[in-house]
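Down below is the structure, laid out as C-alpha coordinates.
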Amino acid sequence: TMDLHQNGVLEYHEYVASCFMIDSAADPKDLEEDFDRMVTPGSDTVSFDAFLHFYGRLLDAIPRPMGEKVQVIKAKRAAVADGLQSGGLRLITSAEHLLDLLHDRLPGSIRDARKALNVGAD
(Lines give C-alpha, C1' and ligand atoms only; values in the text may rest on other atoms or scores of the structure.)
Protein backbone atom coordinates (compact mmCIF):
# COMPACT_ATOMS: atom_id res chain seq x y z
CA THR A 1 0.00 0.00 0.00
CA MET A 2 1.14 3.54 -0.67
CA ASP A 3 -0.58 4.87 2.46
CA LEU A 4 2.14 4.23 5.05
CA HIS A 5 0.33 6.00 7.85
CA GLN A 6 -2.93 4.19 7.06
CA ASN A 7 -4.79 7.50 7.36
CA GLY A 8 -6.77 7.20 4.12
CA VAL A 9 -4.78 9.80 2.16
CA LEU A 10 -1.44 9.99 0.38
CA GLU A 11 1.16 12.36 1.68
CA TYR A 12 3.91 13.68 -0.56
CA HIS A 13 6.66 11.43 0.83
CA GLU A 14 4.44 8.35 0.52
CA TYR A 15 3.71 9.13 -3.13
CA VAL A 16 7.37 9.83 -3.99
CA ALA A 17 8.59 6.68 -2.26
CA SER A 18 6.02 4.55 -4.09
CA CYS A 19 6.96 6.06 -7.44
CA PHE A 20 10.68 5.49 -6.82
CA MET A 21 9.96 1.88 -5.89
CA ILE A 22 8.37 1.37 -9.31
CA ASP A 23 10.79 3.55 -11.30
CA SER A 24 14.06 4.41 -9.58
CA ALA A 25 14.91 6.82 -12.41
CA ALA A 26 11.71 8.87 -11.95
CA ASP A 27 12.26 12.62 -12.20
CA PRO A 28 11.53 14.25 -8.80
CA LYS A 29 10.24 17.38 -10.55
CA ASP A 30 7.70 15.31 -12.53
CA LEU A 31 6.61 13.55 -9.35
CA GLU A 32 6.07 16.85 -7.58
CA GLU A 33 4.06 18.24 -10.51
CA ASP A 34 1.87 15.12 -10.58
CA PHE A 35 1.34 15.27 -6.82
CA ASP A 36 0.40 18.94 -6.99
CA ARG A 37 -2.20 18.16 -9.68
CA MET A 38 -3.82 15.58 -7.42
CA VAL A 39 -3.62 17.35 -4.07
CA THR A 40 -6.90 18.00 -2.27
CA PRO A 41 -7.60 21.77 -2.20
CA GLY A 42 -6.79 23.23 1.20
CA SER A 43 -4.53 20.34 2.25
CA ASP A 44 -1.20 18.75 1.48
CA THR A 45 -2.62 15.30 0.83
CA VAL A 46 -4.19 13.31 -2.00
CA SER A 47 -7.37 11.33 -1.48
CA PHE A 48 -7.63 7.84 -2.93
CA ASP A 49 -10.45 9.06 -5.22
CA ALA A 50 -8.28 11.92 -6.52
CA PHE A 51 -5.40 9.49 -7.13
CA LEU A 52 -7.64 7.09 -9.09
CA HIS A 53 -9.22 9.96 -11.04
CA PHE A 54 -5.83 11.40 -12.02
CA TYR A 55 -4.33 8.10 -13.12
CA GLY A 56 -7.59 7.03 -14.76
CA ARG A 57 -7.46 10.16 -16.92
CA LEU A 58 -3.86 9.39 -17.85
CA LEU A 59 -4.86 5.88 -18.85
CA ASP A 60 -7.81 7.23 -20.87
CA ALA A 61 -5.41 9.49 -22.77
CA ILE A 62 -3.42 6.53 -24.13
CA PRO A 63 -4.66 6.09 -27.72
CA ARG A 64 -5.00 2.32 -27.52
CA PRO A 65 -7.90 -0.12 -27.36
CA MET A 66 -9.14 -0.90 -23.85
CA GLY A 67 -7.78 -4.46 -24.06
CA GLU A 68 -4.25 -3.14 -24.57
CA LYS A 69 -4.65 -0.74 -21.65
CA VAL A 70 -5.73 -3.61 -19.42
CA GLN A 71 -2.65 -5.56 -20.54
CA VAL A 72 -0.42 -2.58 -19.63
CA ILE A 73 -1.91 -2.51 -16.13
CA LYS A 74 -1.59 -6.28 -15.72
CA ALA A 75 2.04 -6.17 -16.89
CA LYS A 76 2.88 -3.39 -14.39
CA ARG A 77 1.13 -5.27 -11.59
CA ALA A 78 3.02 -8.46 -12.50
CA ALA A 79 6.34 -6.58 -12.61
CA VAL A 80 5.73 -5.19 -9.12
CA ALA A 81 4.69 -8.64 -7.82
CA ASP A 82 7.79 -10.23 -9.38
CA GLY A 83 10.00 -7.50 -7.91
CA LEU A 84 8.55 -8.06 -4.46
CA GLN A 85 8.93 -11.82 -4.74
CA SER A 86 12.53 -11.67 -6.00
CA GLY A 87 13.57 -9.07 -3.45
CA GLY A 88 14.25 -6.41 -6.11
CA LEU A 89 11.39 -4.35 -4.66
CA ARG A 90 10.57 -4.01 -0.99
CA LEU A 91 7.42 -2.86 0.72
CA ILE A 92 7.89 0.23 2.83
CA THR A 93 6.81 -0.73 6.30
CA SER A 94 7.71 2.30 8.41
CA ALA A 95 8.71 5.93 8.22
CA GLU A 96 12.28 4.91 9.10
CA HIS A 97 12.35 2.45 6.22
CA LEU A 98 11.09 5.17 3.87
CA LEU A 99 13.81 7.57 4.98
CA ASP A 100 16.47 4.91 4.47
CA LEU A 101 15.25 4.27 0.92
CA LEU A 102 15.14 7.95 0.02
CA HIS A 103 18.42 8.93 1.66
CA ASP A 104 20.61 8.23 -1.37
CA ARG A 105 18.05 9.50 -3.89
CA LEU A 106 17.17 12.75 -2.12
CA PRO A 107 20.00 13.81 0.21
CA GLY A 108 18.80 15.97 3.10
CA SER A 109 15.23 16.07 4.26
CA ILE A 110 12.22 15.48 2.05
CA ARG A 111 10.99 18.94 3.01
CA ASP A 112 14.30 20.44 1.82
CA ALA A 113 14.10 18.48 -1.43
CA ARG A 114 10.56 19.71 -2.07
CA LYS A 115 11.60 23.30 -1.35
CA ALA A 116 14.52 22.94 -3.77
CA LEU A 117 12.17 21.69 -6.48
CA ASN A 118 9.90 24.71 -5.94
CA VAL A 119 12.63 27.27 -6.61
CA GLY A 120 11.32 29.69 -9.25
CA ALA A 121 7.91 27.98 -9.45
CA ASP A 122 5.57 30.97 -9.16
Side-chain angles (χ1 to χ4, degrees):
T1 180
M2 295 172 76
D3 183 9
L4 294 174
H5 296 119
Q6 299 295 306
N7 59 0
V9 294
L10 280 179
E11 297 171 33
Y12 179 73
H13 65 278
E14 294 171 323
Y15 175 72
V16 169
S18 297
C19 290
F20 282 147
M21 283 180 60
I22 294 168
D23 180 5
S24 62
D27 183 339
K29 181 72 173 166
D30 291 341
L31 298 179
E32 181 177 17
E33 288 172 3
D34 288 349
F35 186 83
D36 287 343
R37 286 186 192 113
M38 295 183 288
V39 74
T40 303
S43 78
D44 289 331
T45 61
V46 174
S47 71
F48 187 65
D49 287 342
F51 176 81
L52 290 178
H53 178 75
F54 180 77
Y55 278 94
R57 285 184 35 216
L58 291 177
L59 189 59
D60 285 344
I62 298 172
R64 296 277 184 240
M66 184 56 73
E68 287 183 33
K69 293 177 187 183
V70 169
Q71 291 303 320
V72 167
I73 293 169
K74 286 182 177 179
K76 293 257 185 203
R77 184 183 69 202
V80 169
D82 289 346
L84 289 171
Q85 193 170 37
S86 71
L89 291 178
R90 297 179 298 167
L91 290 178
I92 298 171
T93 56
S94 69
E96 292 79 21
H97 186 196
L98 169 64
L99 292 174
D100 287 342
L101 290 172
L102 291 179
H103 179 72
D104 292 333
R105 184 77 167 115
L106 297 171
S109 74
I110 292 173
R111 213 174 253 141
D112 291 341
R114 191 156 193 212
K115 285 178 187 175
L117 290 172
N118 278 330
V119 171
D122 287 320

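Predicted model only: the values in this text are computed from it and were never measured.
Taking hydrophobic clusters as Ile, Leu, Val, Met, Phe, Trp and Tyr residues chained together by side-chain heavy-atom distances below 4.5 Å, V9 does not share a cluster with V16.
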Might you work through the side chain to side chain contact (heavy atoms under 4.5 Å, CB included) test for Y12 and D44, ending with a clear yes or no? CA-CA 7 Å; Y12 179 73; D44 289 331; over 6 Å; no
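Legend: residues meeting side chain to side chain contact (heavy atoms under 4.5 Å, CB included) with F48, ordered by chain and number and at least two apart, are L52. Applying the side chain to side chain contact (heavy atoms under 4.5 Å, CB included) criterion to D30, with sequence neighbours excluded, gives D27, E33. In terms of the side chain to side chain donor-acceptor pair (under 3.5 Å) criterion, D60 has no residue partners (sequence neighbours excluded).
Nearest heavy atom pair, residue F20 against residue A26, reads CE2-O, 3.3 Å. Pairing each heavy atom of F35 with each of V46, the nearest pair is CE1-CG2, 3.4 Å. Contact detail for L31 and Y15: the closest heavy-atom pair is O-CE2, 3.4 Å.
From D34, atom CG reaches atom CZ of F51 across 10.0 Å, with rounding to the nearest 0.5 Å. Interatomic distance, Q71 CD to R64 CZ, rounded to the nearest 0.5 Å: 13.5 Å. Here the OG atom belonging to S18 is positioned 9.5 Å from the NE2 atom belonging to H13, to the nearest 0.5 angstrom.
With hydrogens and angles ignored, the 3.5 Å screen pairs no side-chain donor or acceptor of E68 with any backbone N or O of P65.
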